[in-house]
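Everything below concerns the one structure shown next.
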2 protein chains.
Amino acid sequence: MSEARGAPARGAERADAARNRRAVLQATERLLAEGAGNGRGGGVGGASGEHVSLDRVAALAGVGKGTVFRRFGNRAGLFAALLEERSRALRAAVADGPPPLGPGAPPRERLLAFLDGLGAIAEGNALLLTAHEQACADDKYDDPSYQFWHRHLAGLLAEAGHPPEDADFLAHTVLAVFDGALVRRLTTPDEPRRFTRSVQTLATTLLDGA
Amino acid sequence: MSEARGAPARGAERADAARNRRAVLQATERLLAEGAGNGRGGGVGGASGEHVSLDRVAALAGVGKGTVFRRFGNRAGLFAALLEERSRALRAAVADGPPPLGPGAPPRERLLAFLDGLGAIAEGNALLLTAHEQACADDKYDDPSYQFWHRHLAGLLAEAGHPPEDADFLAHTVLAVFDGALVRRLTTPDEPRRFTRSVQTLATTLLDGA
DNA sequence: CTGTTATGCGGACTGGCGGTCCGCTTGTGC
DNA sequence: GCACAAGCGGACCGCCAGTCCGCATAACAG
């Protein structure tokens, strides 16, 4: 069992280690973005973003493959780290920022503000989302990030009047919709926030049904 | 581009071909089921159902690997075929069977009946579901089966009063919840139908919000 | 500045997988 | 029984996640 650490458990990490971590993360996002550019449908290739092999990440980052694995544990860990970085601000704002994201606002406003933030992240990182889903075979539900969002959502839904077990499932439902491929499918240049609007409509419907 | 065919386009398929197709399908489900039995957490293995390699399927079926690929095109095609077989009856019943599944019943009854059927399939084939999701990189939404269920759901939701674009997204939402890992997580021996009940609750909430 | 040490590095290596290819076998129609 | 297409099988290929261990070097004490 590889002990994946985003940052070292205790004490500062060595300077070169920190530099390499940044390099690997940047290389990963560059490869992910590059995959998006292939307009021509090759036929075989299929999903964009899945030919991001860790060998290539390591090469582009200018580090050895071992470094990538020591730092991130495995493929899933790498994508999770990138995702975590992208959503750190939202996480903080939700946990103890000012309303309407943070505590204090009525659940409806908090929910809509939260989904606006999460939707923006999803719309801007759809390929990363897919890569992460593919990499987490089925332990997606054990991911700390997932659990944080899920607790938050379930809490708000419960606060809005849903019985606990329903709130739990409905929270899973809302998160299930954050599927990379679905996000990509709904996001077009002329409707960049269609996905978010749809999710908010869904949330409103659920709230009204409490 | 491999031309996957479940059954030959025209004329009957040769006897041995048919026999082999059955054998491969059966081997696949046996391997899938066997994966479920590993109570001990191996640590590395991860998801159950993902070590079903096509080599093993071919070996267990007593055929060559080439046969598997000629018949099903690729990994995704194999799981899709199995899934299609499992849901064929429901598909037929929905398309032109008697109410409440088939046409004629009010949308609410049809929806609940449909989800009862689809939920049962999901609960009984959660590992297959996961395997299929993993195999379809992100063309899940182009799968004919998916599109059939989606059209059906969107139709019912629209019939119940949702504007078309909302109905479309809500249909995706309901289907997004049919995630193999989530189904497995909610299905326990003492609550074998908890997933279905939850989905029905979700559907009811959505209908009431129309 | 120098010596010591553990932290980190890298890339060869392994096992295994999806998918292809082509010479051979076998079912089928006449 | 024959000819031929349809089907077969498994060797083969390229690739990839993940491991391992000898080597370099950052950090720090004296």
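Reminder, nothing fancy here: chain letters follow the sequence lines and each chain counts from 1. Reckoned from all heavy atoms, side chains included, excluding hydrogens, waters and symmetry mates.
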Point to revise | D:dA17 base / A:Lys65 side chain donor-acceptor hit below 3.5 Å | key: yes
Study note, to complete from the structure: note: B:Glu13, atom CD; D:dC8, atom C1'; distance rounded to Å ~ 14 Å
Study note, to complete from the structure: Ranking A:Val63 and B:Arg56 by the position along DNA chain C of their nearest nucleotide, the one closer to 5' is A:Val63
Check your understanding: Looking only at side-chain N and O atoms, does B:Arg70 come under 4.0 Å of OP1 or OP2 in D:dG7?
Key -> no
Point to revise | C:dG8 phosphate, OP1 or OP2, under 4.0 Å from A:Thr67 side-chain N/O | key: no
Practice item. Take B:Asp142 and A:Arg185 through the salt bridge (Lys or Arg N to Asp or Glu O under 4.0 Å) test and state the conclusion after the steps. Key: CA-CA 11 Å; B:Asp142 296 328; A:Arg185 180 165 277 251; 2.8 Å; yes
Check your understanding: Which whole-number value in Å describes the distance from B:Phe72 CZ to D:dC8 P?
Key -> 11 Å
Exercise for review: For A:Leu54 and D:dA17, give me the distance from atom CG to atom P, rounded to whole Å.
Suggested key: 5 Å
Exercise for review: Could you check how far CZ of A:Phe69 sits from C1' of D:dG18, rounded to whole Å?
Suggested key: 5 Å
Exercise for review: To the nearest Å, give me how far apart CZ (B:Arg75) and P (C:dG18) are.
Suggested key: 5 Å
**Study point:** Pair B:Glu29 + B:Arg86, salt bridge at N-O below 4.0 Å
**Key:** yes
Review point. Taking B:Asp168 for the side chain and B:Pro164 for the main chain, is one N or O donor matched with an acceptor at less than 3.5 Å?
Key: no
Can you give each donor-acceptor pair under 3.5 Å made by side-chain atoms of residues 171-181 of chain A, sequence neighbours left out, with the distance rounded to 0.1 Å?
{"residue": "A:His172", "atom": "ND1", "partner": "A:Tyr146", "partner atom": "OH", "Å": "2.8"}
{"residue": "A:His172", "atom": "NE2", "partner": "A:His150", "partner atom": "NE2", "Å": "3.2"}
{"residue": "A:Thr173", "atom": "OG1", "partner": "A:Phe169", "partner atom": "O", "Å": "3.0"}
{"residue": "A:Asp179", "atom": "OD1", "partner": "A:Ala181", "partner atom": "N", "Å": "3.0"}
{"residue": "A:Asp179", "atom": "OD1", "partner": "A:Leu182", "partner atom": "N", "Å": "3.0"}
{"residue": "A:Asp179", "atom": "OD1", "partner": "B:Tyr141", "partner atom": "OH", "Å": "3.0"}

**Study point:** Pair A:Glu85 + A:Arg22: basic N to acidic O under 4.0 Å
**Key:** yes
Check your understanding: Are A:Asn20 and C:dC9 close enough that a side-chain N or O sits under 4.0 Å from OP1 or OP2?
Key -> yes
Review point. Atom CG of B:Asn74 and atom P of C:dC17: how far apart are they, to the nearest Å?
Key: 17 Å
Practice item. On DNA chain C, check which nucleotide each of B:Asp55 and B:Asp16 is closest to and give me the residue with the more 5' one. Key: B:Asp55
Check your understanding: In whole Å, what is the span from the CZ atom of B:Arg21 to the P atom of C:dG27?
Key -> 17 Å
Point to revise | Whole-Å gap separating P (C:dT7) and CZ (A:Arg19) | key: 18 Å
Exercise for review: Check whether any side-chain N or O of A:Arg71 sits under 4.0 Å from OP1 or OP2 of C:dC9, and answer yes or no.
Suggested key: yes
Check your understanding: Any sub-3.5 Å donor-acceptor pair from A:Asp116's side-chain atoms to A:Leu112's backbone N or O?
Key -> no
Check your understanding: Could you walk me through whether B:Arg194 and B:Thr187 pass the side-chain contact (heavy atoms from CB on, under 4.5 Å) check?
Key -> CA-CA 6 Å; B:Arg194 178 169 163 203; B:Thr187 304; over 6 Å; no
Study note, to complete from the structure: Taking C:dC17, C:dC9, D:dA27 as options, the one with an atom nearest any side-chain atom of B:Ser53 is C:dC17
Within the sub-3.5 Å range, which N or O atoms of nucleotides 2-6 of chain D have a protein N or O partner, and how far apart are they?
{"residue": "D:dA6", "atom": "N3", "partner": "B:Arg14", "partner atom": "NH1", "Å": "2.8"}

